[in-house]
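All remarks here apply to the structure that follows.
Because only heavy atoms are used, hydrogens play no part in the values below, and waters and symmetry mates are left out as well, while side chains stay in.
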Amino acid sequence: MVKVAAKTTNASTARQEKETKLVERIQTMQNARKNYGIEKIWSYADKVMIPHSFVDTGLRKWQSKNAKMVAFSKVHTALSMIIDQNPEAQIFARTPESEPKVNLFKGLYSYSWDHGDGRQELKKFTFDCGKYGFAVGRTYHRRDEREVNELLIYDPETNNNVYEKKTIVDFDDVYWENMNIWECWFDEQADSKKNMRDWCWRQIMNFETFKLKFKEDRFDNIDQVKPGGDTTEKKFSQGNSTSTPEGQSRYQVGSREMIEVYFYENKELDQFQIIANGILILDIPLPSKHKKLSCFFATFFQRATDTIYGVGLPELTRNNTELLNKIVNMRVDQLTLSIYSMLLYGGAEEFSEEELDLEPGRAKKVFDVNNYKWLQTPGAGSESYKEEEMILNDIDEETGITKSLGGREIGRTATEISFNREAGLRRMKTPLDSIEDAMEEEGELRLALIQQVYVNPIKIEKIVGMADVEVYRQIRVPMQRAENGEVVMTEEDNFFEIDPGEMSGEFDVKIRPMSTIPISEELEKQRKLQLYNIIAKAPYTDAYKAEAQIVKAFGEDPKDWMMTEEQIMQQQQQAMQQQQAEQAMAAMQEIPDEGQQGASTVIPQTETQPDLGAMMGAQGLQA
């Protein structure tokens with residue numbers, strides 16, 4: 001008994017030491033970010049990205065307080081520009097042995113990306129990157145399951161239905177989650193992902209949800225965990241939080257029992273820990289075979305070489321936006337005074353300091369101005385509009401997101417419009433590259449987890465008289481196994497069963513270079529029509545493919561307009577048969593009559609078989 005008690009005491013002491021060390025490490029990362037000052041910049045971005053009022057000291061109630069949504073428009077223009085390019089991952093074998101499996105992993109990658117709503121998370125990631133100058137993602141194996149009562153017998157008259165307990169799985173796949181940057185903290189010495197040792201993130205959840213997610217059979221010390229911790233919405237400084245108008249955090253509204261949970265990863269120590277309201281409930285090695293940190297991040301514009309945090313569009317445009325708001329509101333104030341003038345009338349002995357303030361529609365006494373006089377205020381001159389245009393041009397120059405990228409076609413010809421857009425994208429090259437690099441890091445994590453997760457059977461069934469049967473994942477992808485066992489891509493989707501023996505290999509992920517010229521539909525039509533007119537009659541042009549591109553440019557499906565390959569073959573065969581028949585008839589006409597002397601009369605034959613370009617009408621097209 002004494003030995004057992006001693007062992008228990010030692011285990012408790014060791015756990016407390018780990019808890020203390022983990023809490024201290026988390027606080028160190030939090031204080032480092034706070035001292036860096038980046039949180040004030042993020043707070044400003046949160047404010048100006050939603051409709052708000054212009055704030056300046058000394059403004060009267062009647063004065064205009066409108067605020068231009070410059071940051072909002074710039075961030076969303078950048079978001080739409082990047083997302084519309086639909087970046088696509090390309091997979092390359094790292095070793096010769098992996099080359100035959102490239103198609104397999106390309107299909108698995110695409111399936112996992114679509115199944116996990118990768119495009120939606122990419123939107124959030126890009127939005128945060130433009131807004132804060134910094135975005136964080138995490139790729140991991142996500143499994144969402146819950147206990148339900150499955151309905152076996154339904155009795156609508158008496159409601160005496162028959163149920164059976166069952167566990168259902170809502171999601172079980174590799175998942176990219178866009179992280180809330182306010183709830184993530186990183187190694188304070190890191191300046192890139194390569195030399196980052198550790199990081200942590202925080203979740204605030206309902207205590208009932210916590211008990212369902214963290215069960216006693218999988219986690220330690222659950223019985224000691226109580227609701228509580230710092231459950232404020234944003235933990236960006238000691239004692240401060242972003243709260244609702246009622247003074248409560250949104251996590252606390254409608255629920256009294258919330259709990260704070262921290263997750264911690266350390267690459268150097270191969271450590272994954274979870275601490276819930278100060279109680280260590282999990283302490284294991286990193287649960288992934290790749291043994292990397294599960295996070296990745298991107299910066300919009302580089303802030304410095306010794307930090308991972310970047311510069312976002314709201315911060316970049318802050319000074320010019322505030323100046324723009326001031327000029328625009330002053331012009332509105334002057335216009336208001338010119339329309340709703342002040343009235344001066346006789347009788348006042350002197351002006352107080354308050355009476356000297358201008359105010360539209362106000363009447364003030366003076367000694368004598370011929371009984372009364374309207375104070376004439378001149379309207380805003382053209383200089384204010386010129387200054388506004390100059391400020392807007394400066395903002396375009398700073399961000400690289402010009403009016404052309406925002407949808408305005410600046411230029412007279414398609415070529416001039418294209419050149420203007422290319423010029424605007426020169427400053428956007430760095431953010432685009434940064435996001436592509438982050439997607440490549442995510443792709444490598446995803447492929448490694450696919451190899452880890454997809455080899456596990458998703459179901460084990462017992463069949464009477466037979467051994468247990470392992471059932472592996474069946475996914476619907478555009479590929480199938482050929483007769484020689486090789487995986488080939490197909491045009492249509494097929495149900496494909498995963499073979500664990502095929503899940504090995506080493507691969508690299510590269511993101512297909514994004515198109516840096518976002519072009520309107522009308523401009524796209526013009527460009528393709530011009531190209532078609534140039535190459536349509538060229539000897540090596542595939543007329544069928546060329547015309548298919550024209551149909552697509554007009555937003556139509558080529559299948560609705562063009563013949564299939566079988567129909568083309570049938571038409572060619574018919575043309576050949578007709579030609580052969582005409583040649584036979586012509587040959588019969590060449591035989592001379594018995595009494596006729598001299599050379600026979602030759603009837604000109606028809607032309608040889610028409611080529612595909614002529615059949616498809618390979619002629620010049622106009623818009």
Side-chain angles (χ1 to χ4, degrees), residues 89-113 115-116 118 121 136-145 169 171-177 179 186-187 190 192-201 218-219 263-274 281-297 437-460 470-475 477 487 496-511:
Q90 294 179 323
I91 299 175
F92 301 93
R94 194 176 297 170
T95 61
E97 295 78 14
S98 304
E99 185 65 33
K101 301 179 182 179
V102 168
N103 285 339
L104 170 63
F105 279 91
K106 182 178 180 180
L108 297 180
Y109 180 97
S110 299
Y111 168 82
S112 174
W113 174 268
H115 188 213
E121 295 302 310
V136 183
R138 177 173 176 255
T139 298
Y140 62 102
H141 176 210
R142 176 173 178 176
R143 181 178 174 87
D144 298 333
E145 61 181 29
V169 179
F171 186 86
D172 183 15
D173 209 332
V174 181
Y175 187 73
W176 169 356
E177 179 180 359
M179 305 296 288
F186 302 90
D187 179 9
S192 67
K193 174 67 182 299
K194 299 297 182 184
N195 61 4
M196 181 175 290
R197 299 170 299 170
D198 58 351
W199 78 299
C200 71
W201 67 98
R218 297 176 55 193
F219 298 89
F263 304 81
Y264 174 79
E265 290 182 348
N266 190 308
K267 181 174 64 176
E268 287 186 343
L269 302 179
D270 189 18
Q271 196 171 45
F272 178 60
Q273 296 175 315
I274 302 177
I281 62 174
L282 186 66
D283 183 17
I284 61 174
L286 290 173
S288 56
K289 287 186 177 181
H290 56 64
K291 292 300 178 181
K292 300 178 182 178
L293 299 180
S294 61
C295 67
F296 53 92
F297 49 83
D437 291 342
M439 292 183 66
E440 289 178 1
E441 285 190 46
E442 193 279 336
E444 292 182 358
L445 295 175
R446 180 178 295 272
L447 281 184
L449 287 174
I450 286 175
Q451 291 176 306
Q452 175 179 333
V453 173
Y454 281 25
V455 297
N456 296 328
I458 60 174
K459 185 179 179 182
I460 297 179
E470 292 185 344
V471 179
Y472 293 91
R473 293 174 182 262
Q474 285 190 344
I475 60 178
V477 290
V487 176
F496 188 91
E497 184 175 355
I498 302 299
D499 183 357
E502 297 177 332
M503 288 293 100
S504 61
E506 298 181 12
F507 305 92
D508 291 321
V509 178
K510 296 295 182 182
I511 300 300

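Side-chain contact of D198 with Y264: a donor-acceptor pair under 3.5 Å is present, judged by distance alone. Using modelled atom types, one finds no donor on one side chain facing an acceptor on the other under 3.5 Å when comparing E506 with T95.
Of the inter-residue distances, the one linking Y111 atom OH with R473 atom CZ reads 7.0 Å to the nearest 0.5 angstrom. Rounding to the nearest 0.5 angstrom, the gap separating the NE2 atom in H141 from the CG atom in D173 is 7.0 Å. From D437, atom CG reaches atom CD1 of I511 across 9.5 Å, with rounding to the nearest 0.5 Å. The distance from atom CG of L293 to atom OG of S288, rounded to the nearest 0.5 Å, is 9.0 Å.
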**Request:** Tell me, with the steps shown, if F296 and M439 meet side chain to side chain contact (heavy atoms under 4.5 Å, CB included).
**Result:** CA-CA 8 Å; F296 53 92; M439 292 183 66; over 6 Å; no
**Test log, rule side chain to side chain contact (heavy atoms under 4.5 Å, CB included), inputs E265 and W201** = CA-CA 9 Å; E265 290 182 348; W201 67 98; 3.9 Å; yes
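Counted within 6.0 Å of NZ on K510, heavy atoms from surrounding residues, nucleotides or ligands total 12 or fewer; the atom is thus considered open. No more than 12 heavy atoms of other residues, nucleotides or ligands shown are found within 6.0 angstrom of NZ on K106.
Classification of the F263-F272 ring pair by plane angle, with boundaries at 30° and 60°, yields parallel. The aromatic rings of W199 and F186 sit parallel, their planes meeting at an angle under 30°, below the 60° perpendicular limit.
With salt bridges taken as basic N to acidic carboxylate O contacts below 4.0 Å, none links E177 and R142.
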